[in-house]
Protein chains: 2
Amino acid sequence: MKRPAGSRGEYAKTAQRRQDILRTAVEVFTERGYEASSFREIAARVGMSETGVAFHFGGKAALLAAVLEIRGEQDAARWGGGGVIAPDRLTELVAHNAGQPGMVQLFTKLAAEGTSKNSRAHPFFTDRYDKIRRGTADHVRASQRDGRTRADLDPDLVAQVLIAVMDGLQVQWLYDESLDMAAAMDLLLSTWLPPHTPGPVTA
Amino acid sequence: MKRPAGSRGEYAKTAQRRQDILRTAVEVFTERGYEASSFREIAARVGMSETGVAFHFGGKAALLAAVLEIRGEQDAARWGGGGVIAPDRLTELVAHNAGQPGMVQLFTKLAAEGTSKNSRAHPFFTDRYDKIRRGTADHVRASQRDGRTRADLDPDLVAQVLIAVMDGLQVQWLYDESLDMAAAMDLLLSTWLPPHTPGPVTA
DNA sequence: GTCTATACCGCGATAGAC
DNA sequence: GTCTATCGCGGTATAGAC
């Protein structure tokens with residue numbers, strides 16, 4: 001509670017530093033994955049010491065958290081509803097992700113590392129999967145009420161499968177970028193949703 | 001080509017050592033994941049020095065390769081055909097995996113880490129996905145010729161999706177073991193294969 | 001041929017100087 | 001606010017004991 005910002009340029013400079021570090025961290029994490037990334041390299045690229053970087057974020061794990069948030073915000077901005085995506089737009093999502101392999105790989109690696117309960121990424125992904133699973137199931141239920149989706153399918157299981165396909169296709173694609181994720185996703189959607197309804201969504 | 005074994009107990013002892021190390025490595029990797037596992041701990045559990053372990057396998061990465069092979073052999077023994085599994089038996093596979101979360105997590109983590117081209121696991125998984133994708137597609141094609149599977153589906157895309165679901169469900173399950181992977185897998189299979197045909201397979 | 005002891009460098013975290 | 005110094009721990013290359 002000392003100096004609410006604005007009186008001098010110091011805070012702005014700090015914010016700029018944070019932005020620089022964050023951008024660089026995304027870069028390095030993307031290239032090397034979380035575990036293999038070093039504070040040293042990030043610091044070197046930003047042009048400051050390791051402890052300098054640590055000062056701004058408090059540690060490697062905290063830097064990770066910040067990166068995850070960034071991506072979350074970007075996604076939430078692109079598609080509405082807190083990262084939850086309507087099944088109709090999953091193909092669109094897949095196509096978009098195919099344009100940024102680095103970020104896809106980062107998330108794939110972090111999601112795997114986060115399966116350890118003592119991992120820093122664990123709470124984030126636990127919460128994330130919980131949310132998007134619930135949100136996707138809601139979408140499916142709504143779609144079933146409208147008659148756009150087969151009514152005999154368990155919405156919760158459909159949500160699990162859709163998210164699983166999403167994640168799983170990305171892994172395979174990271175190993176072989178010639179694979180057509182969108183086509184595979186479309187195949188699945190076309191059997192559960194009507195042949196094609198990317199139609200005019202309200203949002 | 002010196003001493004084809006049998007004349008003295010030295011070779012047998014070495015083989016035993018390798019087995020001990022391998023078993024312990026699987027244990028530790030399973031508990032901690034690859035990156036977080038330490039050569040030191042593995043060596044300590046086996047009861048020898050770190051360099052002693054390194055002597056037998058040449059390094060942490062090489063130990064990893066050996067662990068991957070072990071698992072591959074176990075799977076190939078349980079289900080025939082070089083790790084390729086008939087779609088009819090995927091639910092069975094899922095149920096089996098649900099009994100060994102440690103190994104599932106290890107593979108999930110390694111598959112993610114392996115997406116980096118410079119990773120030691122990269123060649124293994126590149127080859128593995130290639131093989132099982134081809135093998136699964138063949139199964140689907142055969143199933144289509146028999147009329148047991150819808151003929152209008154692209155076998156290659158179906159293979160991609162089936163494998164993706166397999167992998168993706170495991171990730172979600174690692175975050176929430178209350179999820180029913182088998183039910184989700186069944187839901188998908190039941191829409192593409194006939195309502196249910198776990199029937200009498202020859203093998 | 002099998003293993004131990006030693007040493008080296010890189011990592012992340014922390015305390016304290018400027 | 002930023003950096004220097006230092007710590008313990010990680011993997012591994014080498015030499016030499018048995």
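We use all heavy atoms of the structure for the numbers below, so side chains are in, but hydrogens, waters and symmetry mates are not.
For the pair B/His56 and C/dG1, the criterion of a side-chain N or O lying under 4.0 Å from OP1 or OP2 is not met. The side chain of B/Arg17 places an N or O atom within less than 4.0 Å of a non-bridging phosphate oxygen (OP1 or OP2) of C/dC3. At the phosphate of D/dC3, neither OP1 nor OP2 sits under 4.0 Å from any side-chain N or O atom of A/Thr51.
The side-chain heavy atoms of A/Arg23 and A/Val46, taken from C-beta on, include no pair separated by under 4.5 Å.
Side-chain contact of B/Lys60 with B/Ser37: a donor-acceptor pair under 3.5 Å is absent, judged by distance alone. No side-chain N or O of A/Asp176 forms a donor-acceptor pair with one of A/Gln172 less than 3.5 Å apart.
Closest to the B/Glu50 side chain, of the nucleotides D/dG11, C/dG12, C/dT4, is D/dG11. Counting only heavy atoms from C-beta on, B/Ser38 has its side chain closest to D/dG10 among D/dT4, D/dG10, C/dG12. Nearest nucleotide to the side chain of B/Arg40, out of C/dT4, D/dG11, C/dG12: D/dG11.
Other residues, nucleotides and ligands contribute over 12 non-hydrogen atoms within 6.0 Å of the CZ atom of B/Arg133.
At the heavy-atom level, B/Phe55 lies under 4.0 Å from base atoms of the strands shown.
Between the CD1 atom of A/Ile42 and the C1' atom of C/dG10 there is a distance of 15 Å, given to the nearest Å. Put simply, CG on A/Asp20 is 16 Å from P on D/dG1, counting in whole angstrom units. The distance from atom CZ of A/Phe39 to atom P of C/dT14 is 11 Å, rounded to the nearest whole Å. To the nearest angstrom, P of C/dG10 lies 16 Å from NZ of A/Lys60.
Aromatic rings from B/Phe124 and A/Tyr175 are positioned such that their centres are separated by 6.0 Å or more.
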Pair pattern of DNA chain C in dot-bracket, where unpaired bases get dots and | marks partners in another strand, Watson-Crick or G-U under 3.5 angstrom | ||||||||||||||||||
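Taking 4.0 Å as the cut-off between side-chain N and carboxylate O, A/Glu113 and A/Lys109 do not count as a salt-bridged pair.
Ring pair A/His96/A/Trp79 is perpendicular by interplanar angle, where above 60° counts as perpendicular and below 30° as parallel.
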